[in-house]
Engineer: 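Take this structure first; my questions come after.
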Amino acid sequence: MAIFEELTKKAKDLAGVASEKAKDIAEVAAEKAKNASETAKTKMAIATEQREVEKNYKAIGEWFVSEFEGEVPDAVKDVVAAINASKAKIAELSTKAEEAVEETVEKVVEAAEEIPELKTCPVCGAVSNSKFCPDCGAPMDAKEE
């Protein structure tokens, strides 16, 4: 019986050690998760501030170009020229897009004009554009007698 008591005691000791190790591992995992969360929040805050800086630089640039419209310094002439070229390209593409929409509308209107006229069946009153009534089979051109 002493062997069983000794084995039980050793099993309890090992279970206690395992329990302590599991607690330690859980604490480390929780700490790592907390650190990862804090790191993600910090990176998000940095990205937000970077977007704010870029927005403000853009505002400064737009003001500068509008303020010195005809007298742009040589240092930024190439950049201003590139911006103006891009604006011209945007205008050109917008015009093309509008023309494409107009062309599509015209094609739809033309296609609608090509749809055969609907006729009313003289026998049952159904409406169709076919030669024979889809409901009763009577010729659509026939006159009711």
Side-chain angles (χ1 to χ4, degrees), residues 2-141:
I3 294 176
F4 288 120
E5 288 176 11
E6 191 175 318
L7 282 175
T8 303
K9 183 180 177 193
K10 285 185 179 183
K12 285 181 181 178
D13 290 343
L14 285 175
V17 169
S19 173
E20 288 298 317
K21 290 289 182 187
K23 281 184 185 178
D24 292 343
I25 290 172
E27 287 175 5
V28 168
E31 187 65 28
K32 285 185 177 184
K34 183 179 175 185
N35 288 344
S37 174
E38 290 297 320
T39 300
K41 286 179 185 176
T42 302
K43 286 181 179 181
M44 182 62 78
I46 289 169
T48 300
E49 289 303 317
Q50 286 175 333
R51 282 191 298 276
E52 193 66 25
V53 167
E54 290 171 5
K55 182 178 94 176
N56 290 327
Y57 271 130
K58 180 182 176 208
I60 290 170
E62 288 174 353
W63 169 83
F64 182 84
V65 170
S66 68
E67 188 71 20
F68 299 101
E69 201 169 296
E71 306 165 7
V72 179
D74 290 338
V76 292
K77 276 189 178 178
D78 291 343
V79 175
V80 172
I83 290 170
N84 290 335
S86 292
K87 285 182 178 180
K89 185 70 174 178
I90 290 169
E92 177 186 332
L93 293 171
S94 294
T95 302
K96 281 184 180 180
E98 289 173 8
E99 289 171 356
V101 167
E102 289 174 8
E103 186 178 312
T104 301
V105 168
E106 288 174 6
K107 286 181 180 178
V108 168
V109 169
E110 288 173 8
E113 290 172 353
E114 293 175 6
I115 295 174
E117 187 177 326
L118 295 175
K119 302 175 229 166
T120 304
C121 176
V123 176
C124 69
V127 177
S128 175
N129 62 356
S130 62
K131 290 184 177 184
F132 295 94
C133 177
D135 289 343
C136 70
M140 295 297 276
D141 293 334

Engineer: Rounded at 0.5 Å granularity, tell me how far CD1 in I46 sits from NZ in K41.
Structural biologist: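 If we round to the nearest 0.5 Å, I46:CD1 and K41:NZ are 14.5 Å apart.
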Engineer: Please report the closest heavy-atom contact between G125 and T120, naming both atoms and the distance.
Structural biologist: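 Of all heavy-atom pairs spanning G125 and T120, the closest is O-CG2, 3.6 Å.
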Engineer: Measure the shortest side-chain to side-chain distance between F64 and V76 over non-hydrogen atoms and say whether it is less than 4.5 angstrom.
Structural biologist: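 With C-beta onward as the side chain, the pair touches.
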Engineer: In Å, rounded to the nearest 0.5 Å, how long is the span from OG of S128 to CE of M140?
Structural biologist: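 These two atoms lie 5.0 Å from each other.
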Engineer: State which residues pass side-chain hydrogen bond (donor to acceptor under 3.5 Å, both in side chains) with D74; sequence neighbours excluded, sorted by chain then number.
Structural biologist: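 D74 satisfies side-chain hydrogen bond (donor to acceptor under 3.5 Å, both in side chains) with K77 once adjacent residues are dropped.
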Engineer: Nearest 0.5 angstrom please: T42 OG1 to N35 CG, how far?
Structural biologist: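 Going from the OG1 atom of T42 to the CG atom of N35 covers 10.0 Å.
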Engineer: The test is salt bridge (charged side-chain N to carboxylate O under 4.0 Å, His left out); show your working for K34 and E38 and say whether it passes.
Structural biologist: CA-CA 6 Å; K34 183 179 175 185; E38 290 297 320; over 6 Å; no
Engineer: Just verifying a value: how many Å separate N56 CG and K58 NZ, rounded to the nearest 0.5 Å?
Structural biologist: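 Interatomic distance, N56 CG to K58 NZ, rounded to 0.5 Å: 11.5 Å.
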Engineer: Roughly how far, to the nearest 0.5 Å, is NZ of K119 from CG of N129?
Structural biologist: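 It is 7.5 Å, given to the nearest 0.5 Å.
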Engineer: Any carboxylate oxygen within less than 4.0 angstrom of a Lys/Arg side-chain nitrogen, looking at K23 and E27?
Structural biologist: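 Here K23 does not pair with E27 in a salt bridge, since their nearest N and O are not under 4.0 Å apart.
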Engineer: What's the verdict on side-chain contact (heavy atoms from CB on, under 4.5 Å) for V80 and N84, showing C-alpha distance, side-chain angles and the deciding distance?
Structural biologist: CA-CA 6 Å; V80 172; N84 290 335; 3.7 Å; yes
Engineer: Does the pair K107/E103 count as a salt bridge with the N-to-O cut at 4.0 Å?
Structural biologist: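 Salt bridge between K107 and E103, a charged N being under 4.0 Å from a carboxylate O: yes.
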Engineer: With sequence neighbours excluded, what pairs up with K55 under the side-chain hydrogen bond (donor to acceptor under 3.5 Å, both in side chains) test?
Structural biologist: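 Partners of K55 under the side-chain hydrogen bond (donor to acceptor under 3.5 Å, both in side chains) test: E52.
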Engineer: Measure the shortest side-chain to side-chain distance between R51 and T48 over non-hydrogen atoms and say whether it is less than 4.5 angstrom.
Structural biologist: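 Yes; the side chains approach each other to less than 4.5 Å.
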